[in-house]
Protein chains: 2
Amino acid sequence: MATIKDVARRANVSVTTVSATINGTAPVSDALKARVWAAIREVGYQPDPIARNLRKGVSTTIGLIVPDISIPWAAHLAKSMQRAFSEIGYNMLFASSEDDPEREFSEIEVFSAHRVAGLVVVPTSRGENYSARLVEGIHVPTVLVDRVLPQRHFDSVTDDNLLGAQMIVRYLHKLGHRDIAFMAGRTGISSSDERLAGFRRTMDETGVAIREELVRQPVYLRDQAYATVQQLMTLRDPPTAIVCINIAQLLGTMAGLGNLGLSAPDDVSVISFDGFHPAEGWSPAITSLKQDIATTSTRAAELLMARIREENQPEPQVIRVPPSLQIRSSCRAVA
Amino acid sequence: MATIKDVARRANVSVTTVSATINGTAPVSDALKARVWAAIREVGYQPDPIARNLRKGVSTTIGLIVPDISIPWAAHLAKSMQRAFSEIGYNMLFASSEDDPEREFSEIEVFSAHRVAGLVVVPTSRGENYSARLVEGIHVPTVLVDRVLPQRHFDSVTDDNLLGAQMIVRYLHKLGHRDIAFMAGRTGISSSDERLAGFRRTMDETGVAIREELVRQPVYLRDQAYATVQQLMTLRDPPTAIVCINIAQLLGTMAGLGNLGLSAPDDVSVISFDGFHPAEGWSPAITSLKQDIATTSTRAAELLMARIREENQPEPQVIRVPPSLQIRSSCRAVA
DNA sequence: ATAGCGACGCGAAACGTTTCGTCAAACAGG
DNA sequence: CCTGTTTGACGAAACGTTTCGCGTCGCTAT
């Protein structure tokens, strides 16, 4: 509760000098510096961030907005981000958009009112004029994560989905799979679009014709995947492998298979873009990509800090973090 | 960016009147009220929370500190808490203590400096003089979640662990299990202590002598459970059932069993206090308690708001939220 | 009539910082 | 020796609110 005034009184200098000593914004003689620091220690002074923010117009807080923190991927992202930012003296305001663009915009507004220094957003990417409204509503350094927008207004960090799709398709192809089902999410969401595009491209490269009835879209809720997988597996000529792009799909797919009395990999191979699922001890252990969240967070923090410090304001850039393929036991070779 | 001054100018009243209108802190005639509200709408005024905080000495932000957000239970808690508080106009500062008391204290300090209106903490509950240091460091309405402290200085909300243990033991007993292994966490952490105590008590009640070599403590890391389960299952007389108190234990246990070539429920039954694990589609589907996180969050929010509004300051109370038993397929009957 | 009171409105101080502009002293170059 | 510049320190204003205390008005009860 000690204020800067107490320090000034104690050190027998002006308030201005104390501030200058702390922030190094003006020259202070070594003698005074020593006196001031001593006084600070003696009265146990800690600058009041609120007052500082009011005066400077910007805080030392960054805001994180994710669609749903209860998704393991998002939880790990939050943890990793918090670690990255707390290391450099920032703390985190946190909100969940519940995958609702309106909530997202409102959270952005609230965070802006709180003068956050920067924003990390996993954008919902949906709704009329989404991109324009986002640009309109954000007046703070911002980095987008996981999903990129067609207009490059913001720095973005995302998985290298094309590469990931390539790894998945090539792996399945090597195992002999030709009838591959792909569940895409909503169109317009880059992570889904890119994964689908990568799937198509790599299938092309390997010279396998895609059976369009095996490409289902949009499938983004657990229950949709649950229903979809049952449709797929009751086709006259069912797929030999199913690709899931996220955890909701994977959970629905596994439950749906179970409901049919089918299991992976015996009846069908299952592979996932999302690596946050039980890996050991449960059967089957899902072969999946592993996202490099630590790198994603670090890169995002770097981009954001560069903008905040205004070191330079280059064109917004997109960083793609390569995933790795973790081969487990949910895929088997077919004739 | 409109300030209260702009509103005052526009409505042709004083700044004081605008403030009084907004906050209802002083009588304002209906005529002026109307003018002021109109002006507010016209200039698009939003009060600046920072300035308000500075003047009032308290913010509209509450701080959440959990040991590890990447644990599904904690992620769901965060989601639920955020929902509960955003509904009543509060937003959330968030931090992870990484299960380190020092970090926890430091986070509390940072949040206090930011003048949070209240604190929700899942306390690490470890270290010298923990309780005393906590009381010392916290000068803000606070509610503890999941873990209670021996000294009742704070409101607390926690699972009804005695009841949960009773449900688990009775269920296992009904299935014929007598040789039940129990992995406890660190001593001193109430959630673990209570679960163990409940286990002992209910075993007593059912008249089954506990085989002490099957009670292992402390086991709180995944790898400890991984190792422990292998010791347990290679005893001359191994347990027929294993009780896990949290997700780390469960993951380690399942992996450890897999490593031995054993599986649940064929070789041993497995049951868990923590309900956040894959339930459908994977084998085995773990029979577990289901924690009622929504209720936990609501109760915590209620307790905290009561303290913040100073409606009354009764003795700190402990609320215990009853879990429910979800029977799945990881336990089987034995002779 | 007038003292007293409630309702209403305002100016100014306060919250704890940072920063602007000023000033004295010390120092450099001619 | 004078001028111009740098260094070091400070007082006061500013950030955008809330709140304290005061003043004015109209009403009621004496």
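All values derive from a computational prediction rather than experimental measurement. Letters A, B, ... are given to chains in the order of the sequence lines, protein chains preceding strands, and every chain is numbered from 1.
Between A/Arg52 and C/dT18, a side-chain N or O to OP1/OP2 separation shorter than 4.0 Å is present.
When side chains are defined from C-beta on, A/Arg147 does not count as touching A/Leu149, because their heavy atoms never get closer than 4.5 Å. Between B/Met81 and B/Val145 there is a side-chain heavy-atom pair separated by less than 4.5 Å. Contact annotation: the side chain of B/Ile69 approaches that of B/Phe94 to within less than 4.5 Å [non-hydrogen atoms, C-beta and beyond]. Side-chain contact between B/Ile22 and B/Ile40: present, with at least one pair of heavy atoms (C-beta onward) separated by less than 4.5 Å.
Rounded to whole angstrom, the span from the NZ atom of B/Lys33 across to the C1' atom of C/dC8 amounts to 11 Å. Computed from coordinates, the B/Lys5 NZ to D/dC15 C1' distance equals 9 Å when rounded to whole Å. We find that CG of A/Leu54 is positioned 12 Å from C1' of C/dA14, with the value rounded to whole Å. One atom, CD1 of B/Ile4, and another, P of C/dA14, lie 19 Å apart when rounded to the nearest Å. The distance from atom CG of B/Asp48 to atom P of C/dT17 is 17 Å, rounded to the nearest whole Å. Protein atom NE2 of B/His114 is 16 Å distant from nucleotide atom P of C/dG16, rounded to whole Å.
Within residues 6-31 of chain B, the residues having any heavy atom under 4.0 Å from DNA chain C are, by residue number, B/Val13, B/Ser14, B/Thr16, B/Thr17, B/Pro27, B/Val28, B/Ser29.
At a threshold of 4.0 angstrom between heavy atoms, the contacts of A/Ile50 with the nucleic acid are absent.
Side chain to side chain, A/Thr124 and A/Asp99 fail the donor-acceptor criterion of an N or O pair below 3.5 Å.
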**Request:** Take A/Glu42 and A/Arg35 through the test salt bridge (Lys or Arg N to Asp or Glu O under 4.0 Å) and record every step on the way to the result.
**Result:** CA-CA 10 Å; A/Glu42 283 165 20; A/Arg35 279 230 309 278; over 6 Å; no

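Distance from the side chain of A/Arg55 is smallest for D/dA13 among the nucleotides C/dC15, D/dA13, D/dT17.
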